[in-house]
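Source: prediction; values computed, not measured.
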Amino acid sequence: MKTALLKVLTLGLFVGELALLSTCAPSVSKLEQIHRLGVLKVATINSPTTYYESGSGETGFEYDLALRFANWLGVSLQMSVFDSGQDALEAVSAQQAHLAAANLTITDGRSRNLLFSPAVRELTPKLVYHRGSGRPRSLNDLSEAVHIPEDSAHIELLSRLQPMYPNLQWVSVAGQSAEDLLAQVGAGELKFTIADSDLIAMTQRYYPQLAEVFDLSTPVRKAWAFRHHRDASLYNVATRFLTEMRDSGELAQFNDRYFGHVDRLDFVSSRTLSQHLETRLPLYREMFEAAGAAQGIDWRLLAAISYQESHWDAKAVSPTGVRGLMMLTRDTARFVKIKKRTDPQQSIEGGARYFRMQLDRIPASVPEPDRVWMALAAYNMGFGHLLDARELTRELGGNPDTWVDVRQHLELLSRPNWYRKTRYGYARGKEAEVYVGNIRTYLDVLNWISRAQETELAVPPAPSHPQIAPPAPRPVLDLSLPVL
């Protein structure tokens with residue numbers, strides 16, 4: 001339910017708009033009203049794919065994109081959170097919000113009453129099941145009804161499919177989000193649901209028993225929704241903004257920031273991570289926290305790096321002779337002034353110092369969180385090779401300050417016709433790309449688990465993306481969570 005404060009703020013801004021309308025000529029457009037009020041009101045929902053509040057404030061794909069639009073317009077942003085996408089759409093129709101940004105699927109039914117912007121994303125709706133319940137071969141073989149959220153856009157999809165699959169049945173569940181139903185299927189409480197591919201990939205990391213059956217359609221378009229009215233001034237300028245974002249590559253960067261790494265954990269690695277979270281991480285968590293506080297780095301990021309390096313095995317040794325939790329070479333250990341690489345505390349402290357050095361060398365022109373991803377690549381393959389990758393990106397017309405562009409050119413460092421042109425020569429660039437993607441995934445898992453625990457303790461949740469600032473010490477992870 002929306003809070004009383006939110007209702008008061010919404011009512012106040014609505015009254016303000018009415019006052020403007022009563023004193024202005026009828027020709028004043030919606031866009032001009034927004035400029036005069038100085039506020040863009042956006043309806044959204046709480047979701048990991050849309051909007052949520054972290055320890056560092058508001059975040060999420062739709063939030064960042066809407067904030068970029070508000071800044072482009074030269075006004076402030078007010079996000080109003082609703083219980084469902086349908087509620088967000090109704091808020092737009094009732095003029096409680098200027099637009100809805102809530103991971104909304106464009107459908108024929110919705111398009112009769114609303115205007116939709118150009119697509120901000122394209123996703124595939126999929127049928128998912130619990131691995132222990134038996135995999136169906138078609139929609140006619142389902143052993144029970146598919147559970148979906150009430151007013152979900154997937155209802156239109158199922159209605160189109162039912163003539164081809166007469167045995168198909170579904171139940172619309174009130175008060176449950178797609179994320180809630182995925183969790184119930186993953187826990188074995190339900191057998192089937194439908195969700196978009198990105199949310200499925202995110203949820204599978206926490207519920208390894210959750211599995212896809214098949215695609216239910218070709219990719220569907222997700223977009224912003226506007227009131228269907230003869231005054232299309234706001235819709236037109238939003239269309240221009242999103243078109244420019246798409247053509248410049250910025251929209252792709254927004255997508256990569258939130259979703260470029262979500263499908264890296266398969267069933268086996270999810271189970272292994274779950275076991276290691278329970279048996280290994282508690283041994284070293286306080287060390288990660290202390291080293292993170294000393295270097296101004298989120299301890300979860302250090303733990304994610306360590307898991308990628310050694311799976312939190314203090315005795316780990318690679319074929320090339322790197323050792324310990326952070327898998328430091330002999331030269332690196334000497335450089336960061338540690339004597340025993342297999343000593344957990346020394347290894348973590350040395351790895352934290354070395355990562356801090358890489359981070360501090362990233363040019364100031366690189367924004368967050370891209371500078372973190374680039375520092376991780378430098379940690380893996382060396383800072384000089386990162387400089388080469390950035391230079392190749394610039395030469396080939398990309399933006400060397402964005403990770404999504406640099407990442408696309410990393411593999412060139414292993415091709416003779418390219419690395420011979422660079423200053424630092426050959427590097428296993430593709431390995432660095434995978435390395436960064438894996439760490440981003442492990443970081444998301446650590447954030448999700450600690451955020452869930454902190455919610456129970458009434459402590460503000462941890463940031464979804466790495467924030468280079470020392471967090472307050474936390475208790476050990478709650479090992480009763482579903483992923484464990």
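- Listed by chain and residue number, Ala232 satisfy the side chain to side chain contact (heavy atoms under 4.5 Å, CB included) test with Asn236 (two or more places apart in sequence, or in another chain).
- A search for side chain to side chain contact (heavy atoms under 4.5 Å, CB included) contacts involving Thr105 returns Thr107, Arg110, Ala153, Val220, Lys222, not counting sequence neighbours.
- Evaluation of the side chain to side chain contact (heavy atoms under 4.5 Å, CB included) rule for Ala100 yields Ala43, Ala88, Leu89, Val92, Leu104, Ala225 as partners, not counting sequence neighbours.
- With sequence neighbours left out, the side chain to side chain donor-acceptor pair (under 3.5 Å) criterion links His147 to no other residue.
- Take Phe241 and apply the ring pair (Phe, Tyr, Trp, His ring centres under 6.0 Å) test, not counting sequence neighbours, and it matches Phe69, Trp72.
- For the salt bridge (charged side-chain N to carboxylate O under 4.0 Å, His left out) test, residues two or more places apart in sequence or in another chain that qualify with Glu250 are Arg68.
- The side chain to side chain donor-acceptor pair (under 3.5 Å) search around Gln162 returns none, not counting sequence neighbours.
- For the salt bridge (Lys or Arg N to Asp or Glu O under 4.0 Å) condition, the pairs that include at least one residue of residues 116-127, sequence neighbours left out, are Arg121-Asp198, Lys126-Glu212, Lys126-Asp215.
- Residues meeting the side chain to side chain donor-acceptor pair (under 3.5 Å) test with Asp180, sequence neighbours left out: Ser177.
- With sequence neighbours left out, the ring pair (Phe, Tyr, Trp, His ring centres under 6.0 Å) criterion links Phe226 to Tyr235.
- Atom CG of Asp108 sits about 7.0 Å away from atom CZ of Arg160, to the nearest 0.5 Å.
- Evaluation of the side chain to side chain donor-acceptor pair (under 3.5 Å) rule for Thr49 yields Ser47 as partners, not counting sequence neighbours.
- Shown here are the side chain to side chain contact (heavy atoms under 4.5 Å, CB included) partners of Asn399, two or more places apart in sequence or in another chain: Asp401, Thr402, Asp405.
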